[in-house]
Peer 1: 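There's a structure below that I have some questions on.
One-based numbering, in listed order, for ligands and for the atoms of each.
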Amino acid sequence: MPPATPTASDLKALVRAVPDFPATGILFRDVTTLMSDGAGLAGAIDALAALAADLSVDAVAGIEARGFIFGAALAQRLGTGFIPLRKAGKLPVPAMAEDYALEYGEARLELDPTIIRAGQSVLLLDDLLATGGTALAAARLLRRAGAHCTHALFVIDLPDLGGMTALSEQGIEGRAVMAFDGH
Ligand SMILES: O=P(O)(O)OC[C@H]1O[C@H](OP(=O)(O)OP(=O)(O)O)[C@H](O)[C@@H]1O
Ligand SMILES: Nc1ncnc2[nH]cnc12
């Protein structure tokens with residue numbers, strides 16, 4: 001008999017909370033424990049696909065590193081290609097870059113613009129939304145390269161950090177499988 005489909009609260013229970021990582025005062029919501037569980041990974045991809053069901057999507061763009069895992073699986077499920085948004089210095093070709101701040105630091109994302117077709121609808125995907133700094137930098141890159149980016153999906157939202165509002169102010173509707181209150 002196949003394993004039972006996990007409920008939303010089953011999926012939430014699979015996310016590990018690690019205090020004081022990567023800096024004192026940060027409660028790190030770690031999806032490693034969800035993705036390493038077979039039913040957890042399948043349940044998360046099912047839930048992301050349900051959140052995308054009413055969207056017209058030409059491609060899924062995932063943010064390095066954990067956004068690659070869920071993003072590639074979702075793209076395969078939706079029958080689209082996958083666009084990697086990479087951390088700095090990884091691409092072998094000239095890249096567009098956007099610097100940003102996140103909950104616990106600063107970083108740079110890069111995109112090879114030649115893999116974007118002008119006007120294609122790209123669904124942004126990451127494992128977690130906190131301040132929205134990372135997702136907004138990703139959306140800026142996709143838009144600079146000529147894509148339409150109006151929706152973003154996340155496995156986890158941390159609503160107290162305001163990411164959904166920040167996305168909405170830039171014309172992006174964010175949706176998440178689960179939310180954790182507090183930081
Ligand atoms: O909404 P924000 O405040 O921008 O934070 C969210 C980002 O933080 C984490 O990534 P991290 O930079 O730790 O990278 P990783 O996936 O490579 O571990 C997470 O995977 C998101 O990409
Ligand atoms: N609290 C948190 N847990 C996991 N990833 C994060 N990215 C930004 N804030 C985070």
Peer 1: Hey, which atoms in ligand 1 end up nearer than 4.0 Å to a heavy atom of Thr131?
Peer 2: 1 (O), 2 (P), 3 (O), 4 (O)
Peer 1: Is the shortest side-chain N to carboxylate O distance from Arg86 to Glu110 below 4.0 Å?
Peer 2: no
Peer 1: Side chain, backbone, both or neither: which part of Tyr100 has a heavy atom under 4.0 Å from ligand 1?
Peer 2: neither
Peer 1: For ligand 1, which atoms have a heavy atom of Glu64 less than 4.0 angstrom away?
Peer 2: 16 (O), 17 (O)
Peer 1: With the side chain counted from C-beta on, respond yes when Val18 and Phe21 share a heavy-atom pair under 4.5 Å apart, and no when they do not.
Peer 2: yes
Peer 1: Cluster question for you: counting only ILVMFWY and a side-chain heavy-atom cut-off of under 4.5 Å, with indirect links fine, are Leu125 and Leu167 together?
Peer 2: no
Peer 1: What is the ring orientation for Phe82 with Phe68, classed by angle as parallel under 30°, tilted 30 to 60°, or perpendicular over 60°?
Peer 2: perpendicular
Peer 1: Which atoms of ligand 2 are found less than 4.0 Å from any heavy atom of Ala130?
Peer 2: 8 (C), 9 (N)
Peer 1: What atoms in ligand 1 come closer than 4.0 Å to a heavy atom of Leu128?
Peer 2: 6 (C), 21 (C)
Peer 1: Which bit of Asp126 gets closer than 4.0 Å to ligand 1, counting heavy atoms only: side chain, backbone, both or neither?
Peer 2: side chain
Peer 1: Are Ile45 and Met35 connected into the same hydrophobic cluster when the rule is that any two of I, L, V, M, F, W, Y join if their side-chain heavy atoms are below 4.5 Å apart?
Peer 2: yes
Peer 1: Pairs in or reaching into residues 120-148: which pass salt bridge (charged side-chain N to carboxylate O under 4.0 Å, His left out), with residues at least two apart or in two chains?
Peer 2: Arg66-Asp127, Glu98-Arg140, Glu98-Arg144
Peer 1: For the 3.5 Å polar cut-off, considering only N or O atoms, please tell me whether Phe28 and ligand 1 meet it.
Peer 2: no
Peer 1: Find all atoms of ligand 1 within a distance of less than 4.0 Å from any non-hydrogen atom belonging to Lys87, and give their numbers and elements.
Peer 2: 12 (O), 14 (O), 15 (P), 17 (O)
Peer 1: Has ligand 1 got any nitrogen or oxygen that is less than 3.5 angstrom from a nitrogen or oxygen of Leu129?
Peer 2: no
Peer 1: State, with a plain yes or no, whether a side-chain heavy atom of Leu158 is found less than 4.5 Å away from one of Leu128.
Peer 2: yes
Peer 1: With sequence neighbours excluded, give me every salt bridge (charged side-chain N to carboxylate O under 4.0 Å, His left out) pair touching residues 34-56.
Peer 2: Asp46-Arg77, Asp54-Arg175
Peer 1: Is the shortest N/O to N/O distance between Leu27 and ligand 2 below 3.5 Å?
Peer 2: yes
Peer 1: Only heavy atoms count here, so choose which of Gly62, Ala107, Gly132 is nearest to atom 1 (O) of ligand 1.
Peer 2: Gly132
Peer 1: Looking only at protein heavy atoms, which one is nearest to atom 7 (C) of ligand 1, and how far off is it?
Peer 2: Thr134 OG1, 3.5 Å
Peer 1: Closest non-hydrogen protein atom to atom 16 (O) of ligand 1, residue and atom name please, with distance?
Peer 2: Ala65 N, 3.1 Å
